[in-house]
Visitor: 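Below are the structure tokens for one structure; questions will follow.
Atom set for the values below is all heavy atoms of this structure, side chains included, hydrogens, waters and symmetry mates excluded. Position 1 is the first residue of the sequence, and the numbers go up from there.
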Amino acid sequence: MERLSKMVTEKPVVIFSKTGCCMSHSIKSFFSDLGVNTAVYELDEMLRTGREIETVLSNLGCNPTVPAVFIGGQMVGGESEVMSLHLQGALKPKLKTAGALWV
């Protein structure tokens, strides 16, 4: 948990992903299209540490565990939660507050 806390505060937007996950791919593309520079951790490429992080994400309520998006150090959730925020008009202000989006 301590390691995860450190990781999610390294950048304004952090995404935990798996290389073969289509939902992870779409959420990474979405943030890229918005012009947001994210920190992406591919759990399936992180060997033992990836499994540990996935367990912590599951314990935090991420189901499925990827993609898991953190903005400003706070867990937002997966793709559906991010898209819901976007459709409500709440995502860009959240990104601006976190320092991930300037326009």
Side-chain angles (χ1 to χ4, degrees):
M1 184 68 167
E2 194 174 309
R3 180 181 177 96
L4 182 75
S5 295
K6 182 178 184 233
M7 293 170 83
V8 300
T9 58
E10 288 177 345
K11 285 209 173 193
V13 178
V14 176
I15 301 171
F16 292 95
S17 172
K18 286 188 177 177
T19 55
C21 174
C22 63
M23 300 298 241
S24 293
H25 175 75
S26 66
I27 206 72
K28 290 183 287 187
S29 295
F30 174 71
F31 279 108
S32 178
D33 290 347
L34 287 176
V36 174
N37 185 16
T38 61
V40 177
Y41 295 98
E42 300 291 354
L43 298 180
D44 55 331
E45 294 180 345
M46 296 174 70
L47 303 175
R48 185 181 64 85
T49 308
R51 284 188 229 122
E52 291 173 3
I53 292 170
E54 193 167 6
T55 299
V56 172
L57 291 171
S58 179
N59 292 339
L60 288 173
C62 291
N63 186 20
T65 53
V66 294
V69 178
F70 289 76
I71 298 174
Q74 300 296 312
M75 183 173 71
V76 172
E79 184 182 39
S80 61
E81 291 82 7
V82 169
M83 290 303 151
S84 290
L85 283 174
H86 178 61
L87 293 173
Q88 295 167 13
L91 181 62
K92 285 188 179 181
K94 190 178 246 336
L95 292 169
K96 287 178 185 176
T97 300
L101 195 62
W102 294 272
V103 181

Visitor: Measure the spacing between CD of Glu81 and CD of Glu79 and express it to the nearest 0.5 Å.
Guide: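 Glu81 CD to Glu79 CD: 9.5 Å, rounded to 0.5 Å.
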
Visitor: Verify, without hydrogens or angle tests, whether Thr97 (side chain) and Pro93 (backbone) share a donor-acceptor contact under 3.5 angstrom.
Guide: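 Here the side-chain-to-backbone pair exists.
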
Visitor: Evaluate whether atom CD of Glu10 has more than 12 neighbouring non-hydrogen atoms of other residues, nucleotides or ligands under 6.0 angstrom away.
Guide: yes

Visitor: To the nearest 0.5 Å, what is the distance between CD1 on Ile27 and SG on Cys22?
Guide: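 Going from the CD1 atom of Ile27 to the SG atom of Cys22 covers 11.5 Å.
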
Visitor: For the residue pair Tyr41 and Thr49, establish whether any side-chain heavy-atom pair is separated by less than 4.5 Å.
Guide: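 No, their side chains stay 4.5 Å or more apart.
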
Visitor: Only one of Val82, Val76, Val14, Val36 passes side-chain contact (heavy atoms from CB on, under 4.5 Å) with Ile71; say which it is.
Guide: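 Checked Val82, Val76, Val14, Val36 against Ile71; only one passes side-chain contact (heavy atoms from CB on, under 4.5 Å): Val76.
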
Visitor: Transitively linked via ILVMFWY side-chain contacts under 4.5 Å: Leu85 with Leu60?
Guide: no

Visitor: Kindly assign one of parallel, tilted or perpendicular to the pair Phe16 and Phe70, based on the angle between their ring planes and the thresholds 30° and 60°.
Guide: perpendicular

Visitor: Treat each ILVMFWY residue as a node, draw an edge where side-chain heavy atoms are under 4.5 Å apart, and state whether Val56 and Val66 are in one component.
Guide: yes

Visitor: Which pair of heavy atoms, one from Pro12 and one from Ala98, lies closest together, and at what distance?
Guide: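 Distance-wise, the nearest heavy atoms are CB-O, 3.4 Å.
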
Visitor: Look at the side-chain heavy atoms of Ile, Leu, Val, Met, Phe, Trp and Tyr, link any pair under 4.5 Å apart, and say whether Val69 and Leu91 land in one connected group.
Guide: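 In one cluster: yes.
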
Visitor: If the threshold is 4.0 Å, N to carboxylate O, is there a salt bridge linking Glu52 and Arg3?
Guide: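 A salt bridge is absent here (no side-chain N lies under 4.0 Å from a carboxylate O).
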
Visitor: Judged by atom type as modelled, is there a donor-acceptor pair below 3.5 Å linking the side chain of Thr65 to the main-chain atoms of Cys62?
Guide: no

Visitor: Is the shortest side-chain heavy-atom distance between Asn37 and Lys11 below 4.5 Å?
Guide: yes

Visitor: Are Phe31 and Val8 connected in the hydrophobic side-chain network, where two residues link if heavy atoms are under 4.5 Å apart?
Guide: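 Phe31 and Val8: separate clusters.
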
Visitor: Give the C-alpha distance, both sets of side-chain angles, the deciding distance and a yes or no for side-chain contact (heavy atoms from CB on, under 4.5 Å) between Leu34 and Lys92.
Guide: CA-CA 9 Å; Leu34 287 176; Lys92 285 188 179 181; 3.8 Å; yes

Visitor: Hey, does the side chain of Ser58 reach the backbone of Glu54 with a donor-acceptor pair shorter than 3.5 angstrom?
Guide: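 Between the backbone of Glu54 and the side chain of Ser58 there is no qualifying donor-acceptor contact (under 3.5 Å).
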
Visitor: Could you tell me whether Met75 atom CE has more than 12 heavy atoms of other residues or ligands within 6.0 Å of it?
Guide: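 Buried by this count: over 12 neighbours within 6.0 Å.
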
Visitor: Hey, is the main chain of Gly20 close enough, under 3.5 Å, to the side chain of Ser24 for a donor-acceptor pair?
Guide: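 No.
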
Visitor: Side chains of Glu42 and Thr19: any donor to acceptor distance under 3.5 Å?
Guide: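 There is no such pair between these side chains.
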
Visitor: Taking the side chain as everything from C-beta on, heavy atoms only, tell me whether Leu57 gets closer than 4.5 Å to Leu43.
Guide: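 Result yes, sub-4.5 Å side-chain heavy-atom pair found.
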
Visitor: Can you find a pair of side-chain heavy atoms, one from Phe30 and one from Met83, that are under 4.5 Å apart?
Guide: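 The answer is yes, as the side chains (C-beta and beyond) meet within the 4.5 Å cut-off.
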
Visitor: Is it true that Ile15 and Leu4 fall in one hydrophobic cluster, defined by side-chain heavy atoms closer than 4.5 Å?
Guide: no

Visitor: Rounded at 0.5 Å granularity, tell me how far CG in Asn59 sits from CG in Asn63.
Guide: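 Between Asn59 CG and Asn63 CG, I get 11.5 Å after rounding to 0.5 Å.
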
